[in-house]
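Notes to accompany the following structure.
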There are 2 protein chains.
Amino acid sequence: MTIKDKLPEELREKPASKRDPAAKKQALIKATLDTIAEIGITDTSVSRIIERAGLSRGMIHLHFGGKDNLLTVAAQQFSEQYYAEMDRMTDLGPNASPEDRVLAVIEADLSESLLNPRSTKIWHAFRGISSSHPGIARYSSTQDERLVSTLRQAFDELEKVGCYPPNHAEDATSGTLALLEGMWVNYLTDMAGFSRERSVDLICRFLSGLFPGSFLR
Amino acid sequence: MTIKDKLPEELREKPASKRDPAAKKQALIKATLDTIAEIGITDTSVSRIIERAGLSRGMIHLHFGGKDNLLTVAAQQFSEQYYAEMDRMTDLGPNASPEDRVLAVIEADLSESLLNPRSTKIWHAFRGISSSHPGIARYSSTQDERLVSTLRQAFDELEKVGCYPPNHAEDATSGTLALLEGMWVNYLTDMAGFSRERSVDLICRFLSGLFPGSFLR
DNA sequence: ATCACTAATGGACGATCGTCCATTAATTGT
DNA sequence: ACAATTAATGGACGATCGTCCATTAGTGAT
């Protein structure tokens, strides 16, 4: 912990000029993700990445120890950014109904800021190579612990109100995530024909079947 | 059309020995898919493919005109095989109830013969590169026309029985496919923890919410 | 101003990439 | 038996891959 870290944000970002390892690392990560989104993961080479980042050839080995590590770190950061934005968008007040909290997750996941051409391409690219890159596989699952438990808690509360068969909240959680997964695939496959609103409505219709009286629109 | 083509199957497959373009093409396609499943699409090179097929270097260019074309043909054939097997498994008698026909699709899609380590890895690998390979994108959608209309027809019949809001059958169709999509992702992500039976049950629970009285187990 | 230190550069390296083609081998037709 | 035809081979090719390191340049301390 240096003294720099205690300064306010504006001053901390001063160096900016020639020497700034952290900024360079970040530039490489961003360049990696942008390259994947633009030309695909198979054509994302060290040359393409450093070219886009405007840096020199040795930087990847210097800062990450190799291309594979850079890819893994990029996947990790991409995943973290998704969940950070998801948190930001689902941070309702303490009095929000469980129904509203579920709806917030669905609408966030299908919103422009999370579901867009760039993110979908990157997400599916990483998932496509995940089975042969164990390090990346860890960040290509939808089953993020916190997201699951957010949904689970909300469905648990809804379950208490009525009388439901066993595992109802658990199935509702898994099913909602699966439906969202399917919507992302639909978006990747046909961006022009995709409608966020219709997708939300569709998921709500399924949920209102599970919890009669709720999720009606 | 040579005389060979008129001979019975057993005799037609005779050549088998040194010269057999069709068999060699097929061997290359199979080797391609196997390689993708085993070491991932990024490491699937011409060398790895011909090595696995036990053929010589020039074959890919000779029979397919290049690696990209081979990849596209492999994706196409993989997709066709999926739908052929799906057809085979959902070919119920003419008196099957709509409910049974929907169930047959779900159980087929989640069966060992369609959903297994090899097929999931290949499927997601192709989808991951689909945005940068337009030729492959055509075969990486779940929205196969015939499968959609099979489900759609069954849900239409179920819809007639009761009284439902507009677009009910359409939403049931999209939602079912989305749920299946999500189940494939779950399988890819965690094969050991995946249960086909629980997955079928989960989808049925969602569908019985949509069509009260049906899909109960 | 000088020094020690580390960020950053960019070219060299061997390996592998995908394509192509001159050659060889197998088959067919006469 | 002898062309004619076509399948198949396997090495050569230039391009590009990812890694590595000797060198240069910027920074902060004295």
Side-chain angles (χ1 to χ4, degrees), chain A residues 2-5 7 11-29 31-32 35-36 39-74 129 132-133 135-136, chain B residues 1-7 11-29 31-32 35-36 39-74 129 132-133 135-136:
Chain A
T2 74
I3 195 158
K4 268 205 316 185
D5 295 313
L7 293 173
L11 296 178
R12 256 208 290 131
E13 296 188 359
K14 261 299 184 65
S17 49
K18 302 283 187 180
R19 295 278 208 98
D20 192 346
K24 300 292 170 67
K25 284 184 79 167
Q26 198 51 47
L28 283 172
I29 293 172
T32 302
T35 305
I36 291 173
I39 62 174
I41 195 135
T42 45
D43 291 329
T44 295
S45 63
V46 168
S47 303
R48 296 291 85 72
I49 294 171
I50 58 104
E51 177 184 320
R52 182 181 287 261
L55 299 175
S56 60
R57 209 158 172 64
M59 293 292 266
I60 289 178
H61 178 255
L62 178 67
H63 285 307
F64 297 95
K67 187 197 173 191
D68 271 355
N69 284 338
L70 170 55
L71 238 54
T72 303
V73 173
I129 65 164
S132 43
H133 290 67
I136 288 176
Chain B
M1 181 71 80
T2 72
I3 196 157
K4 267 202 324 184
D5 295 313
K6 296 182 177 171
L7 292 172
L11 296 178
R12 257 206 290 131
E13 296 188 359
K14 261 300 183 66
S17 50
K18 302 284 184 180
R19 295 277 210 99
D20 193 346
K24 300 291 170 71
K25 284 184 80 166
Q26 199 50 49
L28 283 172
I29 293 172
T32 302
T35 305
I36 291 173
I39 63 174
I41 194 133
T42 45
D43 291 328
T44 296
S45 63
V46 168
S47 302
R48 295 291 86 72
I49 295 170
I50 57 106
E51 178 184 319
R52 182 180 288 263
L55 298 176
S56 60
R57 207 156 175 63
M59 293 292 267
I60 289 178
H61 178 255
L62 178 67
H63 285 307
F64 296 95
K67 186 196 172 191
D68 271 355
N69 284 337
L70 169 56
L71 238 53
T72 304
V73 173
I129 66 164
S132 44
H133 290 67
I136 289 176

Could you give the [atom1]-to-[atom2] distance, from [X] to [N], as a whole number of Å?
X: Leu70(B); N: dC20(C); atom1: CG; atom2: C1'; value: 17 Å
X: Ile50(B); N: dT16(C); atom1: CD1; atom2: C1'; value: 13 Å
X: Lys25(A); N: dA8(C); atom1: NZ; atom2: C1'; value: 15 Å
X: Leu28(A); N: dT19(D); atom1: CG; atom2: P; value: 13 Å
X: Asn69(A); N: dT19(D); atom1: CG; atom2: C1'; value: 13 Å
X: Ile49(A); N: dG18(D); atom1: CD1; atom2: P; value: 8 Å
X: Phe64(A); N: dA7(C); atom1: CZ; atom2: P; value: 13 Å
X: Lys67(B); N: dG18(C); atom1: NZ; atom2: C1'; value: 8 Å

Original post:
So does His61(B) get a side-chain nitrogen or oxygen closer than 4.0 Å to the phosphate oxygens (OP1/OP2) of dC20(C)?
Top reply: yes
**OP:** Indicate whether OP1 or OP2 belonging to dT16(C) is found under 4.0 Å from a side-chain N or O atom of Ser47(B).
**Re:** no
How many angstroms lie between [atom1] in [X] and [atom2] in [Y], if you round to the nearest 0.5 Å?
X: Ile39(A); Y: Thr44(A); atom1: CD1; atom2: OG1; result: 5.0 Å
X: Asp43(A); Y: Ile129(B); atom1: CG; atom2: CD1; result: 9.5 Å
X: Leu71(A); Y: Ile36(A); atom1: CG; atom2: CD1; result: 5.0 Å
X: Leu28(A); Y: Leu70(A); atom1: CG; atom2: CG; result: 6.0 Å

Original post:
Below 4.5 Å, heavy atoms only, C-beta onward: do Thr42(A) and His133(B) meet side chain to side chain?
Top reply: yes
**OP:** Using five base pairs at each end, measure the axis-to-axis angle across the helix from dA1(C)-dT30(D) to dT30(C)-dA1(D) and round it to 10 degrees.
**Re:** 10°
For nucleotides 13-15 of chain C, which of its nitrogen or oxygen atoms have a protein nitrogen or oxygen under 3.5 Å away, and what is each distance?
none

Check nucleotides 6-9 of chain D against the protein and report each pair of N or O atoms closer than 3.5 Å, with its distance, or say if there are none.
residue: dT6(D); atom: O2; partner: Arg19(B); partner atom: NH1; Å: 3.2
residue: dT6(D); atom: O2; partner: Arg19(B); partner atom: NH2; Å: 2.5
residue: dA7(D); atom: O4'; partner: Arg19(B); partner atom: NE; Å: 3.3
residue: dA7(D); atom: O4'; partner: Arg19(B); partner atom: NH1; Å: 2.6
residue: dA8(D); atom: OP1; partner: Asp20(B); partner atom: N; Å: 2.8
residue: dA8(D); atom: OP1; partner: Lys24(B); partner atom: NZ; Å: 3.1
residue: dA8(D); atom: OP2; partner: His63(B); partner atom: NE2; Å: 3.0
residue: dT9(D); atom: OP2; partner: Ser56(B); partner atom: N; Å: 3.3
residue: dT9(D); atom: OP2; partner: Ser56(B); partner atom: OG; Å: 2.7
residue: dT9(D); atom: O5'; partner: Ser56(B); partner atom: OG; Å: 2.9

Original post:
Considering all heavy atoms of both residues, which atom of Ala74(B) and which atom of Thr32(B) are nearest to each other, and what is their separation?
Top reply: CB-CG2, 4.2 Å
Between side-chain atoms of residues 48-64 of chain A and protein atoms elsewhere (two or more places apart, or another chain), which donor-acceptor pairs fall under 3.5 Å?
residue: Arg48(A); atom: NE; partner: Glu51(A); partner atom: OE1; Å: 3.4
residue: Arg48(A); atom: NH2; partner: Glu51(A); partner atom: OE1; Å: 3.3
residue: Arg52(A); atom: NE; partner: Thr35(A); partner atom: OG1; Å: 3.2
residue: Arg52(A); atom: NH2; partner: Glu38(A); partner atom: OE1; Å: 3.2
residue: Arg52(A); atom: NH2; partner: Glu38(A); partner atom: OE2; Å: 3.1
residue: Arg57(A); atom: NH1; partner: Ser47(A); partner atom: OG; Å: 3.4

Subject >> Among dT19(C), dT19(D), dC17(C), the nucleotide that comes nearest once only the side chain of Arg48(B) is considered >> reply: dC17(C)
